[in-house]
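All values below come from the heavy atoms of this structure, side chains included, with hydrogens, waters and symmetry mates left out. Order of the sequence lines sets the chain letters (A, B, ...), proteins ahead of strands, with each chain counted from 1.
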Amino acid sequence: MDVLSLSALDLSLAAILVVLLAITSFRMGLGLEKRMVISGVRMTVQLLLIGVVLKFLFANASFPLVLFLSSCMLLIAGYEVLARQKRKLRGATGYFISTGSMVVSSFTVTFLALTVMVGVDPWYTPQYAIPLLGMLLGNTMNGVSLASDRLTTEMYNQRGMVEQRLLLGHTWQEASGDIRRDCMRTGMIPTINSMAAAGVVSLPGMMTGQILGGSSPLDAVKYQILIMFLIAAGTGFGVLTAIWLISRRLFDDRQRLVLDCLGSPGKS
Amino acid sequence: MNGLSLVNLSFLKNGPYSLTIEAGECIGLIGRSGVGKTQLLRAVADVIAHDGDCVLNGTSYLSVSPPEWRSMVAMVPAESFWWYDTVGSHFDSEMERYDSMELLETLGFSSDVMNWQISRLSTGERQRLALVRTLITGPKVLLLDEPTASLDKKMVDVVEQLLADICFLRRTMCIWVSHDIEQLSRVAARVFRVEKGGFTEETC
């Protein structure tokens, strides 16, 4: 079955729903209308743009082009992780850490999936590589940013407790262990919950898209299962990496808590 | 050499501070608010960055691991922090809980104190329990930041006597920060006024 093409009018009708929501937000004084409209416009422009880019990329599949687009996506994801933190690490370190954990969480897992599980030839075939990487980046970015934000905020708020434990002769790992474990859970639980609810409470986006695109439901389900496992693993390892790297940065070589490296809320 | 030496210790814009404390000696530090008394204790405990050296019984702080140094040179901050629900959970082992019973009794606690909820403790109870929590680890040096600030007169006397006994019996060294010069003249062999640029010895 060929997919039914959507017209500009169809998309405009859907957009009107968001406009109605923005008007309601304005009338109720929620203050979300501006952000809602900007995000809606951003989403439309970005997706249309990536549509054009993907069309070009699919027609001219080459490793350098795929690598270039993947790197752009990674760098933006690293920035987004940092942008969502209340207390960021000062300077370039925070960016390197968030980008580094996205490499671990998304790049390596996508590479493994393409070469071992999907087994497409060549492995960088953009029809597979870009959507897989995009889904992984989008999902793991949430986990990594949630965990990182919580870690820097909690270490700041609970600095007295952490230092008290250091004063009692605890190592930095012991002194910050409860906070770090809590942050890891914060980063991973949304992914674990979405795995548990998949197919019962929600029909995941990728599977829905494939079914709408004409794939057999069973093929779509298999890809969705693969993606869910990859996202869970990617998010988990990404969160572990980010928490470890940020924690190391928050303690110096004499295991002292160093909070000078954190910016004030809202500043970098 | 037995004792603790601070050798040109400086941090932020304070110092250099130099001082030698003999085994079993208690010295007092006094100074106006904000001059850096607490920061000085934190520098000796090595929880803030500093220059200069701290040498305990001939061993520099740099030649032992930070947790080991902080176990030997233990600070009891003015405000204590707790992270589990009950008092007993903050003691590392059953042995520690058992060993601390005598100290706890001396400081006026009943035998069921280990089951007490932290959220129900008064400021004074927290201060006394924080002292026990540190003493039970057997440090060689105690860094005390206003250890009796939240206690009544009777309990101040008990804590002063307890710490004097510990210094005498265990040869523990003590740096005692207080705003009360009369208290320092009771508990300390020598009292120093902390200034931004160093110490001046007080005559009590």
Would you say B:Pro66 and A:Arg256 make side-chain contact, with heavy atoms under 4.5 Å? no

Checking heavy-atom separations under 4.5 Å from chain A, one finds in residues 30-62 of chain B B:Arg42, B:Ala45, B:Asp46, B:Val47, B:Ile48, B:Ala49, B:His50, B:Tyr61, B:Leu62

Counting heavy-atom pairs under 4.5 Å with chain A, which one of B:Pro77, B:Ser65, B:Ala130, B:Ser80 comes out on top? B:Pro77

Nearest 0.5 Å, what's the CZ-CZ distance between B:Phe81 and A:Arg159? 8.0 Å

Are there more than 12 heavy atoms of other residues, nucleotides or ligands under 6.0 Å from atom CD of A:Gln46? yes

For chain B, which residues of residues 163-194 of chain A have heavy atoms nearer than 4.5 angstrom: A:Glu163, A:Gln164, A:Arg165, A:Leu166, A:Leu167, A:Leu168, A:Gly169, A:His170, A:Thr171, A:Asp178

Return yes when atom CZ of A:Arg249 has more than 12 non-hydrogen atoms of other residues, nucleotides or ligands closer than 6.0 Å, and no otherwise. no

In this structure, are over 12 heavy atoms from other groups packed under 6.0 Å from B:Arg186 atom CZ? yes

For B:Glu79, which atoms come within 4.5 Å of any heavy atom of chain A: side chain, backbone, both, or neither? backbone

How about OH on A:Tyr95, more than 12 heavy atoms from neighbouring residues, nucleotides or ligands closer than 6.0 Å, or not? yes

So with a 6.0 Å cut-off around CD of B:Gln117, is the heavy-atom count from everything else above 12? yes

